[in-house]
Amino acid sequence: MQTLTLTRPDDFHLHLRDGAAMRDALPWSARQFARAIIMPNLKPPVVRLQQALDYRDRILAALPAGSDFTPLMTLYLTDDTTPEMVEEARTSGVVHAFKLYPAGATTNSDSGVTELKRIYPALEAMQRVGMPLLIHGEVTDPDVDVFDREAVFIDRHLVALHRAFPELKIVLEHITTAHAAAYVREASELDAQGVPRLAATITAHHLLHNRNAMFRGGLRPHYYCLPVLKRETHRQALLDAATSGDPRFFLGTDSAPHARNTKETACGCAGCFTAANALELYCAAFEQRDALQRLDDFASRFGAAFYGLPRNSGTLTLERSAWDVPAMLPYADAEIVPLHAGEVMEWRLAAAG
Ligand code: DOR
Ligand code: ZN
């Protein structure tokens with residue numbers, strides 16, 4: 001295969017940040033994706049509808065001329081999220097999901113949920129009005145090994161939550177383990193249209209790398225993200241899930257920009273910046289399984305079906321043509337290091353239309 005034409009894809013998990021950082025990060029996503037689910041972990045977090053409306057306006061104002069990119073907004077769940085806030089968000093038509101960060105799990109999650117029982121009234125409302133719940137699925141208990149935190153979250157919390165709210169639409173975000181893939185496959189029934197109630201997004205970095213990438217010849221901060229990369233058996237299970245044609249698994253880059261100096265430091269931030277070469281990275285992953293013909297479903301169909309959105313009308317074409325990923329890109333008043341910086345990529349973005 002020398003060229004690959006996809007339906008214009010969507011990114012169902014994206015961090016855009018705000019201000020000058022957002023203005024530099026956004027064009028990379030708008031170039032490839034028609035729509036993206038925008039994470040609400042700003043400082044302060046996007047908790048109320050009005051904050052989401054204002055953030056959306058800032059994103060739209062920062063789009064390159066002629067771009068038709070649509071930001072799909074989310075709200076950040078806290079212990080104080082009420083059923084009324086859920087209903088108001090649904091009525092707005094602008095908010096497409098609520099994000100659950102266990103308090104302290106990752107970047108800007110300090111205002112997250114301290115105990116799941118506290119948000120049961122909000123979850124009940126979300127189930128009732130058909131508002132999806134997006135989960136950062138890691139326990140925050142410091143006694144749990146960092147490589148086990150996703151599996152422990154599933155066993156300690158997600159199984160019970162899914163049983164308590166069987167009709168609630170749930171996305172377990174950026175899954176990293178065989179355990180998560182198996183749970184989503186087995187626990188999630190498809191409706192009459194073949195749409196799952198429980199689904200998972202998978203990043204390109206978790207499809208392409210195992211935890212060795214963080215330690216290859218020294219400490220490599222640009223491969224550090226949360227949930228952290230796992231061992232090779234888990235990567236293989238994620239590749240199985242992504243390339244299986246199962247609608248429970250779809251694309252979410254979790255592209256998480258951090259300026260270079262905040263990654264290359266004694267206590268570096270978690271996050272891989274993949275927006276600048278997202279589809280090229282997914283092509284490399286799918287090609288490992290000779291499954292490029294499955295990428296369209298994963299990138300452009302299953303996620304939209306889950307969120308009840310129409311399929312995009314445009315296309316995106318990639319061609320097999322080697323190119324070097326830049327070592328750095330401009331980012332606010334600093335620079336950012338994209339994933340695979342300085343390396344050769346086999347697939348190149350050819351056209352979007
Ligand atoms: O690696 C990550 N970076 N994981 C997250 O959950 C948050 C994200 C960020 O916002 O930087
Ligand atoms: Zn994220």
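Order of appearance sets the numbers: ligands from 1, and atoms from 1 within every ligand.
- The closest protein non-hydrogen atom to atom 3 (N) of ligand 1 is A270 O, 2.9 Å.
- Shown are H206, R235, R211, E150; of these, the side-chain hydrogen bond (donor to acceptor under 3.5 Å, both in side chains) with T176 is made only by E150.
- Near T106, meaning under 4.0 Å from one of its heavy atoms, ligand 1 places the atoms 4 (N), 5 (C), 6 (O), 7 (C).
- Of the polar atoms of Y101, none of the N or O atoms is found under 3.5 Å from an N or O of ligand 1, judged by distance alone.
- Atom numbering of ligand 1 starts at 1 in the shown order; those under 4.0 Å from a heavy atom of C225 are 1 (O).
- The proximity of N108 to ligand 1, defined as any non-hydrogen pair under 4.0 Å, does not occur for either the backbone or the side chain.
- In terms of polar-atom proximity, A256 is not counted as a contact of ligand 1, lacking any N or O under 3.5 Å from an N or O of the ligand.
- Its N, O or S atom nearest to the Zn ion (ligand 2) is what matters here, and for H13 that atom is NE2.
- Distances from atom 4 (N) of ligand 1 to the heavy atoms of T203, L226, V228, T262 show the closest one on L226.
- Checked by atom type and distance alone, the side chain of H13 never pairs as donor or acceptor with a backbone atom of T201 at under 3.5 Å.
- Aromatic ring orientation, Y101 versus Y76: tilted (interplanar angle from 30° to 60°).
- Under 2.8 Å from the Zn ion (ligand 2) lies an N/O/S atom of H15, whether from backbone or side chain.
- Checking side-chain atoms of K263 against main-chain N and O of G268 turns up no donor-acceptor pair under 3.5 Å.
- For the pair K99 and ligand 1, no heavy-atom separation below 4.0 Å is found.
- Taking the six-membered ring wherever Trp is involved, the centroid distance between the rings of F298 and F249 does not fall below 6.0 Å.
- Taking every heavy atom of H136 and a limit of under 4.0 angstrom, the matching atoms of ligand 1 come to 6 (O).
- Short contacts between ligand 1 and H258, defined as distances under 4.0 Å to a heavy atom of the residue, involve ligand atoms 9 (C), 11 (O).
- Of all N, O or S atoms in D254, the one lying closest to the Zn ion (ligand 2) is OD1.
- Atom-to-atom distance recorded for L251:CG and R301:CZ is 14.5 Å, nearest 0.5 angstrom.
- Residue contact annotation: E173 places no N/O/S atom under 2.8 Å from the Zn ion (ligand 2).
- Within a 6.0 Å sphere centred on CG of D191, other residues, nucleotides and ligands contribute more than 12 heavy atoms.
- Within the 4.5 Å cutoff, the side chain of E280 has heavy atoms near those of the L318 side chain.
- Although no hydrogens or angles enter the test, the distance criterion places a donor-acceptor pair under 3.5 Å between the side chain of K169 and the main chain of F306.
- Other residues, nucleotides and ligands contribute at most 12 non-hydrogen atoms within 6.0 Å of the CZ atom of R231.
- Looking at E173 against ligand 1, nothing comes within 4.0 Å, counting heavy atoms.
- At a cut-off of 2.8 Å, H136 does not coordinate the Zn ion (ligand 2) through any N, O or S atom.
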